[in-house]
Amino acid sequence: MADVEETLKRIEGHKGVIGTIIVNSEGLPIRTTLDNSTTSLYARLLRSFTTLARSAVRDVDPQNDLTFVRIRSKKQEILVAPENNYLLVVIQNPSE
Amino acid sequence: MFADEDLDSVSVESVWRKSQQGAQESRACQTPAVTTEHAGVQTGSKTSRFTQTEPQEQMDPKRVFSGSGSDPPGLVDFLRRVEELLIRELEKNSRSHAFDGFRANWEERSQQVSHLHRLEHPGAQEQGLHVTAVSWSCTGSVIACAYGRTDDGDWTNQKSCVCLWNLDRRGLRPKQPDLVLDVPAAVTAVCCHPERPALIAGGLYNGEVVVWDTSRTQDPVLAQTGMSADSHREPVYQVFWVPLEKKGEFGVLSSSSGGRVLLWTVDPDQGRMVLVAAYAFVQQQVPHSSRLKARGGSTVGVTATALSPWDPDTFLVGSEGGLLLRCSFSSQTPAAVTSEGRSVTPRAPAVFSFRPSGGPVHSIHCSPFHRNLFASAGTDGLVQVRSLLQADPLLSVRVSDSYVFQVQWSPSRPLVFAAATGRGEVQIFDLARKSLRPAGTIQDGAPGRTATCLAFNSQNHRLLAAGRSDGSVGIWRLSSELMEQRPSESLQLEQIANQVAE
């Protein structure tokens with residue numbers, strides 16, 4: 001458990017990071033540093049987005065698989081590290 | 001040996017029947033007559049209503065954030081696997097210049113400001129009326145224009161009107177308003193209700209405040225103050241709808257050059273406006289700082305008011321003598337005026353006095369993007385960007401050589417504001433640019449006519465309405481550059497706000 005906290009602290013302390021969310025396989029957030037409503041919104045949307053991205057990659061080439069997702073918007077960048085069981089979502093403001 | 005014999009018969013009395021009979025008793029009773037009546041009921045009208053609740057997707061609160069409980073299996077391993085990759089990406093991001101200046105085109109971009117319509121009311125133009133105020137409705141499709149004179153110093157009995165045009169209608173006729181509300185005096189201020197599109201509040205030259213309801217066909221006047229002891233005696237230069245404590249209700253705040261700011265509620269049944277709170281400005285009660293010298297007579301004639309969208313208790317007031325004051329709705333000090341038969345005792349709300357500008361203040365507007373910033377404009381041709389926390393202005397931008405009649409911050413870009421000048425131009429300034437020249441100039445028709453008022457459309461950020469003294473209102477579509485927010489604008493605004501004036 002301490003490992004989890006330490007790891008998350010290392011990530012959150014990074015330059016420009018606004019928030020971190022860990023989502024489980026059902027789309028429910030397990031850990032978060034943002035408020036509830038934003039967290040549930042991100043969790044639900046990004047889980048389905050990641051599944052879509054993964055199927056896109058695998059349909060093009062079945063030997064390939066998704067390793068990382070980055071969504072860049074005007075105000076921030078969302079980084080998602082996907083897996084079958086969990087998702088790690090980090091929201092970073094890159095221009096700082 | 002056996003012989004026949006006769007014996008007497010023996011009888012046994014039945015005891016059973018007698019005891020049964022002995023236990024019998026008969027009783028009779030009767031209830032009094034029951035009165036009955038018939039009545040018939042029939043429903044005259046019926047309505048059916050259905051409601052249904054939808055199952056809400058509830059997150060089980062125990063499953064989320066189970067910080068102190070046991071971690072789900074495999075979480076630690078997952079994080080270990082993923083951490084290195086993530087940190088590498090984060091690093092790359094913070095150093096990357098790949099996306100500098102890159103913007104995706106989701107909408108068609110226009111390079112220029114284009115003129116959409118020129119709305120005129122021939123009846124008002126014949127009388128030589130100027131457009132004194134414009135206001136967009138809360139839906140963003142109707143514009144209300146108030147007519148009056150901006151150059152008269154005297155009482156006039158001239159009738160004027162408020163005209164409404166619905167810009168989203170197909171058959172829009174620029175020379176014919178969709179609705180004309182006749183008013184017995186010149187209208188000096190108009191404001192549309194922020195939630196109900198049919199209500200419009202207006203302030204008149206003779207001190208009255210009127211509320212019109214455009215959904216009523218017979219008499220659109222919903223309520224008016226009339227000339228009572230409570231109402232203003234001088235022209236009402238600004239009206240606003242303010243939210244009252246009861247949620248969903250709005251009152252009308254009116255300020256006049258007689259030095260009073262009054263808060264009214266609308267009583268539609270009686271057609272009157274009821275005074276709820278009164279604030280009076282008297283020279284002696286204005287907070288002074290040692291180096292400011294106050295000018296003018298004993299009353300402080302209020303020519304401009306602004307409400308702060310961040311703090312419902314604060315409002316800003318600008319006067320004829322150039323004073324700028326920050327005031328509070330909840331102030332309790334009574335004002336030093338004689339209350340001649342007024343129903344509500346006036347209070348003195350001034351809390352802080354800013355450095356005065358060089359002439360009467362015509363317009364103040366609070367920035368919708370930063371709590372502390374506001375812009376003020378007056379007859380000295382400057383627009384001053386000020387902070388609520390400091391007496392001195394942060395920035396002074398020279399907009400024109402003549403008077404500036406109105407200034408308003410853009411609702412979509414934090415660093416942009418527009419000013420209506422006495423030369424007939426509307427200048428749009430972008431504080432992100434280093435140069436002092438305007439980012440855009442809107443000139444409509446013949447120069448030499450003053451642009452008296454302007455309003456940004458809060459629903460459709462592309463539109464800007466500007467009224468002129470020749471009685472026409474121009475509707476302009478802004479270029480994308482003036483409309484779309486850039487990524488670092490909020491930061492720049494924050495920097496401007498945090499500057500300390502020397």
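- One finds the CD1 atom of B:Ile87 at 9.0 Å from the OG1 atom of A:Thr7 (value rounded to the nearest 0.5 Å).
- Heavy atoms closer than 4.5 Å to chain A are found in the side chain of B:Arg81, but not in its backbone.
- Contacts between A:Val80 and chain B at a heavy-atom distance below 4.5 Å are absent for every atom of the residue.
- Residues A:Leu88 and B:Phe78 form a side-chain contact, since some pair of their non-hydrogen atoms from C-beta on lies under 4.5 Å apart.
- Residue A:Glu12 holds its CD atom at 11.0 Å from CG of B:Leu90, rounded to the nearest 0.5 Å.
- We find the CG-CD1 distance between B:Leu75 and A:Ile30 to be 5.5 Å, quoted to the nearest 0.5 Å.
- A:Ile21 does not touch chain B: none of its heavy atoms, backbone or side chain, sits under 4.5 Å away.
- Proximity of B:Asn93 to A:Arg70: side-chain heavy atoms (C-beta onward) are separated by under 4.5 Å at one or more points.
- Partners of A:Ser73 under the side-chain hydrogen bond (donor to acceptor under 3.5 Å, both in side chains) rule, at least two apart in sequence or in another chain, do not exist in this structure.
- A:Phe68 and B:Leu85 get closest at one heavy-atom pair: CD1-CD2, 3.7 Å.
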